[in-house]
Amino acid sequence: DPGRGPVLVLGTMWHEYRLRMAPAKTDNDLRPQVRALISGHLIPIPETFTHAELRALATAAENDPALAEARSNAEQGQITQYLAGGPAQAERYQTAAPAAKAVLHAAMDARRLGWGLALPPGFLKDAALAYLTDLQQDKLSADWFERALKYLLPPCRGARGPLWISRTGTEMSSAPEDSYRLADYLEQIGRAHV
C-alpha cells in the first residue's frame, strides 16, 4: 500500500554473515541486490561494552538474572555475544550428530569431574567413543573426530563455538599439540543436566 510509506526495515547481522552475503571484494558479484542493500547502510556495533555501559549493566542486572549471568560470565565485556551465543551453542549441542554430541559429553563430564580447562584431542577422541552405542561406533567414518570438530569449532552468533582451540597463556608454550576448551555456557548445562 503506497499510502503507508516510507517503511524502515531494521535488522541485525553478525560480521561473519555479512561477509558471506557481501564479501569485501569480488570479481563476479552473484548477489548484487544483497550488496546494494547491505553496502553503505550498516550501523556498526562495538564488539564490547564500554566501562560506562558495564556500570549501567550492573544496575540493570540487579533485577534481571539473565543480565546478571552475562555480566559475570561474558568474556572481556562481550555481553551481547554471551547473550546470543549461549543459546546458539546449546542449539548446536542439541542438534549435533551422535559423534559430535559424544565429544561434547566427554568434555562436559571431564570438566564436571575436575579435569582442567585444556582438553587434549586424544583424550576427547578416546573418551567420546564411550558415549556412542556399538551401532554408532560401527557407522563412524575414519575421519569422524575431525568432522565432529568441524561442526563444533565455528563461532555461534559472535561467541565462541561449543569447543574452541585453546592456545593462550601457559597452554600455548607447554602443550605439544593444540588442546580444546569447552564453552562455559555448555559447561554449565553439563553440570546441571547431563
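Side chains included, hydrogens not; waters and symmetry mates left out as well; all remaining heavy atoms used.
Partners of Asp138 under the salt bridge (Lys or Arg N to Asp or Glu O under 4.0 Å) rule, at least two apart in sequence or in another chain, do not exist in this structure. Residues passing the side-chain contact (heavy atoms from CB on, under 4.5 Å) test with Ala142, sequence neighbours excluded: none. Evaluation of the salt bridge (Lys or Arg N to Asp or Glu O under 4.0 Å) rule for Arg4 yields Asp1 as partners, not counting sequence neighbours. Annotation: side-chain contact (heavy atoms from CB on, under 4.5 Å) contacts of Ala148 (sequence neighbours excluded): Ala100, Val103. Residues passing the side chain to side chain donor-acceptor pair (under 3.5 Å) test with Thr59, sequence neighbours excluded: none. By the side chain to side chain donor-acceptor pair (under 3.5 Å) test, Tyr151 pairs with Thr95, sequence neighbours left out. Under the salt bridge (Lys or Arg N to Asp or Glu O under 4.0 Å) criterion, Glu91 pairs with Arg157, sequence neighbours left out. Taking Tyr131 as the reference, Asp109 meet the side chain to side chain donor-acceptor pair (under 3.5 Å) condition, with sequence neighbours excluded. Not a single salt bridge (Lys or Arg N to Asp or Glu O under 4.0 Å) links Arg92 to another residue, sequence neighbours left out. Applying the side chain to side chain donor-acceptor pair (under 3.5 Å) rule to Gln78 yields no partners; only residues at least two apart in sequence or on another chain are considered.
Asp178 has no carboxylate O lying under 4.0 Å from a charged side-chain N of Arg181, or vice versa, which leaves the two without a salt bridge.
The closest side-chain heavy-atom distance from Pro121 to Phe145 is below 4.5 Å. Contact of the Lys150 side chain with the Glu146 side chain is not registered, since no non-hydrogen atoms from C-beta on lie closer than 4.5 Å.
Between Ser179 and Ala118 the shortest heavy-atom distance is OG-CB, 3.4 Å. Residues Pro98 and Leu132 approach most closely at O-CD2, 3.5 Å, considering heavy atoms. What you find for Leu153 and Ile165 is that their closest heavy atoms are CD2-N, 4.0 Å. When every heavy atom of Ala88 is checked against every heavy atom of Cys156, the shortest pair comes out as CB-CB, 3.6 Å. Nearest approach of Ala99 to Leu140, heavy atoms of both residues: CB-CD2, 3.9 Å. Pairing each heavy atom of Pro154 with each of Pro162, the nearest pair is O-CD, 4.4 Å.
One distance of note links CD of Gln89 with CZ of Arg160; it measures 10.0 Å at 0.5 Å rounding. Leu104 CG to Leu152 CG: the interatomic distance, rounded to the nearest 0.5 Å, is 4.5 Å. Expressed to the nearest 0.5 Å, how far NE2 of His51 lies from CG of Leu57 amounts to 13.5 Å.
Residue pairs meeting the salt bridge (Lys or Arg N to Asp or Glu O under 4.0 Å) criterion with at least one partner in residues 121-136, sequence neighbours excluded, do not occur; the list is empty. Annotation: side-chain hydrogen bond (donor to acceptor under 3.5 Å, both in side chains) contacts involving residues 61-72, sequence neighbours excluded, comprise Glu69-Tyr82.
Leu83 and Tyr185 fall into different hydrophobic clusters, where Ile, Leu, Val, Met, Phe, Trp and Tyr side chains are chained together by heavy-atom contacts under 4.5 Å. The hydrophobic cluster containing Trp164 does not contain Phe123, counting ILVMFWY residues as joined when their side-chain heavy atoms lie under 4.5 angstrom apart, directly or transitively. Note: the hydrophobic cluster containing Trp115 also contains Met108 (ILVMFWY, side chain heavy atoms under 4.5 Å, direct or indirect links).
Under a 3.5 Å cut-off, the side chain of Glu187 and the backbone N or O of Leu182 do not form any donor-acceptor pair. Side chain of Gln137 to main chain of Leu129: a donor-acceptor pair is present (N/O by atom type, distance under 3.5 Å, no hydrogens or angles).
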Note to self: Under the criterion side chain to side chain contact (heavy atoms under 4.5 Å, CB included), I'd like the reasoning laid out for Thr48 against Leu54: C-alpha separation, chi angles, the key distance, then a yes or no.
What the structure shows: CA-CA 9 Å; Thr48 60; Leu54 288 172; over 6 Å; no
